[in-house]
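Scope of the values below: all heavy atoms of this structure, side chains included, with no hydrogens, waters or symmetry mates. Order of the sequence lines sets the chain letters (A, B, ...), proteins ahead of strands, with each chain counted from 1.
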Amino acid sequence: MARILITSAIPYINGVKHLGNLVGSQLPSDVYARYCRARGHEVMFICATDEHGTPAELAAEKAGQPVREYCDEMHKVQADLACGFRLSFDHFGRSSSQRNHGLTQHFAGRLTDKNLIREVVEKQIYSIQDSRFLPDRYIKGTCPECGYENARGDQCENCTRQLDPVDLINPRSAQSGATELEIRETRHLHLRQSALRQELEDWIDSKTDWPILTTSIARKWLRDGDGLQDRGITRDLDWGIPVRRGDTEWPGMEDKVFYVWFDAPIAYIAATAEWADAHGLGDNAWERWWRTDRGAEDVRYVQFMGKDNVPFHTLSFPATIIGSGEPWKLVDFIKSFNFLNYEGGQFSTSLGRGVFMDDALALLPSDTWRWWLMKHVPETSDSEFTWESFRLDVNKDLADVLGNFVSRVTRFCQSRFDGKVPDGGSQGPEEAAATAALATHLRNYETHMEAIEFRRATAELREIWTLGNSYFQSAEPWTVLREDRDRAGAILRFALNLLPLYAALSEPFIPDAAETIGAVTGDGSRARWPENIETSLNSLQPGQSVSVPALLFSKISEQEQEEMQARFSPP
RNA sequence: GGGCCUGUAGCUCAAUUGGUCAGAGCAGAGCGCUCAUAACGCUUUGGUUGGGGGUUCGAGUCCCUCCGGGCCUACCA
């Protein structure tokens with residue numbers, strides 16, 4: 001029994017996320033959280049919406065809403081979708097919460113006390129018509145190199161040349177098209193990450209078990225050029241966490257807010273505090289997860305994120321934590337993912353390309369998406385969603401291998417044994433062999449889940465499902481029944497005992513189906529993890545009733561596939 | 001431009017870190033079964049490991065080079 005703190009990278013507030021976003025963090029973290037709970041660990045699983053920054057302000061503007069109201073609505077939308085996908089967060093918080101305001105300002109104050117903040121006067125592009133400073137990539141114009149007219153201020157997408165917004169010919173606001181732009185001086189706070197470089201590098205070097213994807217990105221930033229650079233942690237925006245030094249004013253910073261990437265990771269902590277607040281618990285309830293001086297010294301902290309998030313989680317956020325000089329919990333393991341592509345291209349929120357979470361749930365049960373996405377989770381390289389692959393895997397793995405097994409066993413029980421677990425008969429070498437094989441696969445499955453290697457785990461789980469069919473087929477109780485009813489009953493009893501086992505093992509990936517399978521022979525409560533396989537396979541009481549569940553998974557026809565494919569065809 | 005990742009059967013992925021004839025699943029082929037969602041089981045056909053060169057007793061694995069795909073490059077988040 002361990003204590004495990006799990007956080008998912010927090011999804012940005014501006015709209016419904018696509019399957020690529022889902023599989024890159026929230027879904028795998030949920031599978032892991034469910035597994036850890038099933039193994040009896042004490043789990044705190046945290047996520048939130050990331051609500052600050054320029055895109056949120058612009059999205060609200062576009063929607064014609066005050067940004068606070070827009071975020072309220074979008075948070076609700078995302079929370080409902082998380083629920084639809086059965087994401088089992090202990091708390092789904094908000095980076096805009098008062099808890100996050102307080103903690104972010106607290107960290108800024110501590111970092112100032114430690115002389116890790118300095119003020120810097122920067123020159124930035126200001127749009128007079130929009131009354132706002134514009135980040136480089138929100139400025140467009142003609143590329144001075146290749147003449148491309150829609151070059152972004154940070155880089156020309158046509159010739160890939162890196163640019164400075166002042167290089168652009170005829171610059172304009174990408175959002176409004178405003179052309180009255182000027183360079184203005186503005187004062188900002190920088191976190192002196194450079195002062196913590198050695199400490200961060202030593203810390204990264206100590207993480208020998210982290211994925212290469214994670215450490216190589218961190219090392220690149222630590223060693224590239226002049227080494228780790230200081231980083232601006234404030235912005236000239238209206239919506240965000242006001243710049244304060246703890247609970248005192250910060251002269252000269254009255255109109256500024258903290259940079260979204262400064263406050264977003266702190267929201268992991270804040271959301272845990274929100275969880276405590278929501279349950280009427282005191283501060284110790286969340287501090288025992290986050291403060292090593294208040295009970296968190298035995299916590300294992302695992303973060304999930306897409307590869308684009310790695311620098312902030314390996315460097316900026318640890319710099320904040322370490323720099324505070326306070327005993328906050330640092331991450332123990334970072335699981336990072338590559339990207340999921342869609343039918344030969346990229347998922348794109350701005351282009352609306354791909355399948356989005358709301359569409360997906362309207363089409364098919366969440367378990368089908370969860371299974372396909374986790375089977376193909378981009379662990380080692382980018383992977384690709386295609387409708388054909390989705391149809392084939394859902395049909396074969398879920399409908400044929402698992403669904404049909406549940407169906408054939410329960411129906412056989414109903415038609416030949418009156419819907420009751422048979423009594424009598426004895427087990428033989430077939431059952432011993434099946435038990436031994438299951439024990440081996442179960443060990444492998446547990447190993448892969450402990451190592452957070454999901455694709456291997458899904459293959460192993462599928463193998464465990466297949467074993468049921470293989471056993472039932474070779475034991476052929478329908479034939480044995482003609483001569484030896486007791487023996488046929490013993491075979492069926494063994495097969496029925498696989499159902500609660502499957503329910504428990506499958507729950508992290510397909511929780512709804514697992515519940516249905518568990519209810520066939522159980523009381524509806526969650527099936528227990530098989531700590532001892534022999535005991536587990538003898539857990540059903542002879543005579544207890546067995547129900548025949550509704551079809552566990554429907555198959556997707558080729559025609560349905562084509563319809564969905566056409567409906568979501570790339571523009 | 002620079003850094004990192006990646007290329008293995010028609011498809012999706014393995015290969016215990018240099019060590020038996022490169023293995024699975026799907027798709028394809030054959031046989032079997034009839035309890036079951038025409039489901040399941042068994043058997044089986046597919047590979048000059050992107051190309052070329054090198055190191056080694058031995059290379060998918062290490063080195064060089066060329067070709068293809070991807071991510072990041074610090075003011076999107």
Check nucleotides 60-64 of chain B for protein N or O atoms closer than 3.5 Å to its own N or O atoms and list the pairs.
none

Contact list (N/O, under 3.5 angstrom) for nucleotides 22-28 of chain B vs protein:
none

Between the protein and nucleotides 74-77 of chain B, list every N/O to N/O distance that falls short of 3.5 Å.
unit_1 : atom_1 : unit_2   : atom_2 : d
B:A74  : N6     : A:Trp221 : O      : 3.2
B:A74  : N1     : A:Gln229 : N      : 3.2
B:C75  : O4'    : A:Arg235 : NH2    : 3.4
B:C75  : O2'    : A:Asp136 : OD2    : 2.9
B:C75  : N3     : A:Gln124 : NE2    : 2.9
B:C75  : N4     : A:Glu122 : OE1    : 2.6
B:C75  : N4     : A:Gln124 : NE2    : 2.5
B:C76  : OP2    : A:Arg137 : NE     : 2.9
B:C76  : O4'    : A:Arg137 : NE     : 3.1
B:A77  : OP1    : A:Thr54  : N      : 3.4
B:A77  : OP2    : A:Tyr259 : OH     : 3.4
B:A77  : O3'    : A:Asp50  : OD2    : 2.5
B:A77  : N7     : A:Trp261 : NE1    : 3.1

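More than 12 heavy atoms of other residues, nucleotides or ligands shown are found within 6.0 angstrom of CD on A:Glu182.
For the side chain to side chain contact (heavy atoms under 4.5 Å, CB included) test, no residue two or more places apart in sequence or in another chain qualifies with A:Asp255.
You won't find any donor-acceptor pair under 3.5 Å spanning the side chain of A:Asn404 and the base of B:A39, going by distance alone.
Here B:U43 is in the anti range [glycosidic angle more than 90° from 0]. B:G23 takes the anti form, because its glycosidic angle lies more than 90° either side of 0.
Ring stacking holds between A:Trp478 and B:C35, with the centres under 5.5 Å apart and the planes within 30 degrees of each other.
Checking the phosphate oxygens (OP1, OP2) of B:A39, a side-chain nitrogen or oxygen of A:Lys555 falls inside 4.0 Å.
For the P atoms, the distance linking B:A59 with B:U12 amounts to 28 Å, nearest Å.
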For this session: Give the dot-bracket string for RNA chain B, reading 5' to 3', where a pair is Watson-Crick or G-U wobble with both distances under 3.5 Å, ( ) marks pairs inside the strand, [ ] marks pairs crossing earlier ones, | marks a partner on another strand, and . marks unpaired.
Result: (((((((..((((.....[...)))).(((((.......))))).....(((((..]....))))))))))))....

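Sorted by first and then second residue, the salt bridge (Lys or Arg N to Asp or Glu O under 4.0 Å) pairs with a member in residues 400-414 of chain A read A:Asp400-A:Lys555; sequence neighbours excluded.
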